[in-house]
There are 2 protein chains.
Amino acid sequence: MATIRDVAKLASVSVATVSRVINKNGYVNKQTEIKVLESMKLLNYKPHTIARALSNKQTYTLALILPDITNPFFPELARAIEDTATKFGYSLILANSDSNKEKTTSYIESLTNRYVDGIIFASHELSLDKINQIKDSGIPMATLDRAVNLKGLPSIGVQNYEGGIMAVKHLLSMGCSKIGHICGPIYYHTSIERYKGYVDALEDINQFHPSYVVQGDFSIESGFEMANRLLSNHPEIDGIFAANDLMAVGALKALIRLKKKIPEEVALIGFDGISITSQMEPEISTIAQPIYQIGAMAVNCLIDQIQKKIPCEQSGQELELKLVARASTLKSKGHSSI
Amino acid sequence: MATIRDVAKLASVSVATVSRVINKNGYVNKQTEIKVLESMKLLNYKPHTIARALSNKQTYTLALILPDITNPFFPELARAIEDTATKFGYSLILANSDSNKEKTTSYIESLTNRYVDGIIFASHELSLDKINQIKDSGIPMATLDRAVNLKGLPSIGVQNYEGGIMAVKHLLSMGCSKIGHICGPIYYHTSIERYKGYVDALEDINQFHPSYVVQGDFSIESGFEMANRLLSNHPEIDGIFAANDLMAVGALKALIRLKKKIPEEVALIGFDGISITSQMEPEISTIAQPIYQIGAMAVNCLIDQIQKKIPCEQSGQELELKLVARASTLKSKGHSSI
DNA sequence: TTGTAGGCGTTATCAT
DNA sequence: ATGATAACGCCTACAA
């Protein structure tokens with residue numbers, strides 16, 4: 001491997017000059033620049049990223065901490081983040097925290113020692129001391145899903161409340177009148193907002209029944225179980241809004257086993273817009289998050305902080321959701337959507 | 001951030017001594033060791049990973065190149081790899097190649113410059129020059145799915161041929177007699193082996209019909225399309241073996257739309273054992289790969305190479321598959337499996 | 001416009 | 001058993 005010194009020697013200049021042409025900073029004569037460039041080609045010289053990192057304190061590496069890449073919500077997000085990071089010349093380190101406090105702490109420590117340039121936190125489990133731990137280390141970070149809402153802590157999220165309303169209104173527009181809700185864990189901000197949207201949309205028309213709400217944990221299994229419970233307690237229910245797509249998938253399974261005609265007898269809508277919803281039969285309607293955009297924004301935000309040292313403008317921004325109406329809600333002559 | 005020099009000063013020893021206790025090599029007096037250790041605690045000293053990497057030429061970072069983390073096969077693999085890497089103190093860089101030659105090349109270059117300690121290649125697209133490119137760079141690598149079979153190139157795979165036989169035999173044991181096959185792209189080693197297994201199992205009993213085979217591209221969409229084609233050309237088919245689970249999912253969708261009773265009229269089995277198969281209704285039978293184990297072995301193999309400089313023993317090993325019989329093949333009083 | 005030299009934080013070779 | 005000190009490869013004042 002050729003070093004900067006080899007290049008300097010071959011081009012008969014100093015390493016400083018070579019460094020200048022590499023980094024395009026400082027004055028350098030056009031002639032010498034060409035000479036240097038040629039030498040670099042000749043020697044097939046590539047700057048040593050590690051050495052550069054030591055000197056610069058920039059590793060061009062980002063880290064993504066998420067609960068579990070095996071959860072179908074995250075691959076799409078990870079993809080967006082990796083794509084965008086790569087676009088800017090950054091590598092992406094993946095960390096599965098299992099929403100576990102110890103693992104999270106240990107990852108943060110290890111990433112801090114590796115001097116990653118930024119950390120994206122897509123996990124709900126983010127205690128205040130963890131945040132401060134990162135802040136103290138001086139590493140820029142961004143959180144997703146509004147895990148926390150802190151001054152100076154960039155966070156990208158979606159309009160969960162409005163999404164809840166959209167889901168219910170869609171169900172109503174398809175003729176449902178007894179709408180059940182499988183909500184997520186109540187200690188998640190996202191669950192609560194979606195739930196509130198559900199409540200408000202129904203209270204508006206005096207149709208809210210507390211017993212039509214059951215609580216799952218965002219997993220397929222809980223969706224299956226809760227849909228069964230909902231329908232055994234309230235056979236009259238003709239529409240279900242699941243707080244996320246995975247629970248909707250579980251609910252679909254339950255509905256099919258119960259021999260319910262979908263959407264005629266029971267319509268079903270999820271939330272998130274992950275691709276698995278379109279692979280089911282019938283395809284499941286959903287309130288889609290701009291997942292790719294969220295990931296891309298998070299990276300942009302981080303890189304802004306890293307490079308321009310500016311705080312993220314998108315901080316706290318809530319992106320819009322989009323209704324994706326599919327077979328699980330579209331009755332015969334129902335309306336459609338994009 | 002405290003440096004090794006700070007620790008040395010506080011403990012009134014030289015940096016060399018501190019380095020010795022950090023790395024537990026060389027002689028060091030018990031007393032001084034304690035003094036040094038205390039100083040480290042006191043200053044909350046953590047060795048600077050980057051500096052260490054520069055000196056050691058070891059970054060404690062592995063890279064995983066795969067086609068697309070969004071493909072449901074890969075998150076499970078990535079999870080296994082990340083888990084195992086972490087266990088050994090390594091971080092994992094994720095790279096989505098989209099099976100694209102240029103992207104792959106550019107990743108390899110970038111990873112090479114980052115001096116990752118090892119690369120795991122889970123992509124089918126691996127031309128010989130790419131391999132040599134990595135080999136020349138001296139970075140240990142491992143490939144999955146027997147993408148290539150080269151002397152000295154560790155490769156972990158499964159018994160695809162036997163798997164094909166298992167799938168067909170299972171279908172036969174459930175009473176199917178007209179078994180179709182949706183095979184994968186013929187330029188993939190895995191596709192061919194599975195196909196051969198299918199052929200041999202049927203030829204054994206004189207039941208092989210070339211026209212019962214159609215070709216997909218491992219995607220859900222192609223599975224959907226090919227199942228439709230298969231059944232429209234051969235309505236008598238009562239069993240389908242899809243060469244991977246994603247195509248099985250697509251096929252399931254097609255069968256349901258065609259109002260086929262599953263498994264009574266048409267039984268269906270996939271290949272891979274990804275979790276999505278158990279989330280469908282009916283649940284899809286499959287020939288399961290030990291995905292987690294594969295990932296773990298790949299990492300072990302790499303770390304063996306890195307640390308002990310020994311070639312991987314598992315090189316070229318083909319792991320066993322396991323039949324997972326579920327509702328999509330289990331007729332009434334059918335047999336079961338683990 | 002270009003070169004010299006010190007520093008980034010560790011490791012490892014030699015002495016002592 | 002311990003300590004100087006030269007690498008590792010690059011960047012960047014500061015000089016020239």
Side-chain angles (χ1 to χ4, degrees), chain A residues 1-40 43-61 89 110 112-117 137-138 307, chain B residues 1-37 39-40 43-61 89 110 112-117 137-138 306-307:
Chain A
M1 280 300 109
T3 77
I4 198 174
R5 256 176 281 270
D6 299 327
V7 177
K9 202 162 300 173
L10 182 57
S12 341
V13 296
S14 72
V15 294
T17 302
V18 177
S19 177
R20 286 191 197 96
V21 352
I22 292 173
N23 300 292
K24 306 188 201 310
N25 61 3
Y27 299 96
V28 42
N29 183 297
K30 199 65 190 167
Q31 300 304 318
T32 41
E33 176 175 358
I34 294 176
K35 223 173 19 175
V36 169
L37 255 14
E38 280 173 348
S39 304
M40 285 175 36
L43 296 174
N44 188 29
Y45 167 78
K46 306 281 180 215
H48 193 298
T49 312
I50 306 292
R52 190 185 282 213
L54 181 59
S55 176
N56 281 342
K57 294 185 159 315
Q58 277 222 28
T59 57
Y60 288 89
T61 304
S110 134
T112 299
N113 281 356
R114 264 161 218 275
Y115 293 81
V116 298
D117 293 341
S137 75
Q307 297 188 338
Chain B
M1 282 298 108
T3 79
I4 198 175
R5 256 176 279 269
D6 300 326
V7 177
K9 201 162 299 172
L10 181 57
S12 340
V13 296
S14 74
V15 296
T17 301
V18 177
S19 177
R20 286 192 195 95
V21 352
I22 293 173
N23 301 292
K24 307 187 201 310
N25 61 2
Y27 300 94
V28 42
N29 184 297
K30 199 65 191 169
Q31 301 304 318
T32 40
E33 175 174 359
I34 294 176
K35 223 175 18 176
V36 169
L37 254 14
S39 305
M40 284 174 39
L43 297 174
N44 188 28
Y45 167 78
K46 306 280 179 215
H48 192 299
T49 313
I50 307 292
R52 191 183 274 206
L54 180 59
S55 180
N56 281 342
K57 295 190 159 310
Q58 278 222 28
T59 56
Y60 287 90
T61 304
S110 135
T112 298
N113 281 355
R114 266 163 218 274
Y115 292 82
V116 298
D117 293 340
S137 75
I306 296 169
Q307 298 188 337

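Chain letters run A, B, ... following the sequence lines, proteins first and then strands; every chain starts at 1.
To the nearest angstrom, C1' of D/dT12 lies 16 Å from OH of A/Y27. Regarding B/K9, its NZ atom lies at a distance of 14 Å from the P atom of D/dG3, rounded to whole Å.
Evaluated for a side chain to side chain contact (heavy atoms under 4.5 Å, CB included) with B/V7, the options B/V18, B/T17, B/V15 yield exactly one hit, B/V18.
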Exercise for the section: For each nucleotide in nucleotides 3-16 of chain C, reading 5' to 3', give B when a protein heavy atom comes within less than 4.0 Å of its base, S when such contact involves only the sugar-phosphate, and - otherwise. Expected result: BBB-BBBBSB----
Practice task
Dump the intermediate steps for salt bridge (Lys or Arg N to Asp or Glu O under 4.0 Å) on A/K30 and A/E33, then the final yes or no.
Solution key: CA-CA 5 Å; A/K30 199 65 190 167; A/E33 176 175 358; 3.8 Å; yes
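Taking side-chain N and O atoms only, B/T32 has no distance below 4.0 Å to OP1 or OP2 of D/dA1.
The number of heavy-atom neighbours closer than 6.0 Å to NZ of A/K9, taken from other residues, nucleotides and ligands shown, is 12 or below.
Using modelled atom types, no side-chain atom of B/R114 and backbone atom of B/T59 make a donor-acceptor pair closer than 3.5 Å. Between the B/R52 side chain and the B/Q58 main chain, no donor and acceptor come within less than 3.5 Å of each other.
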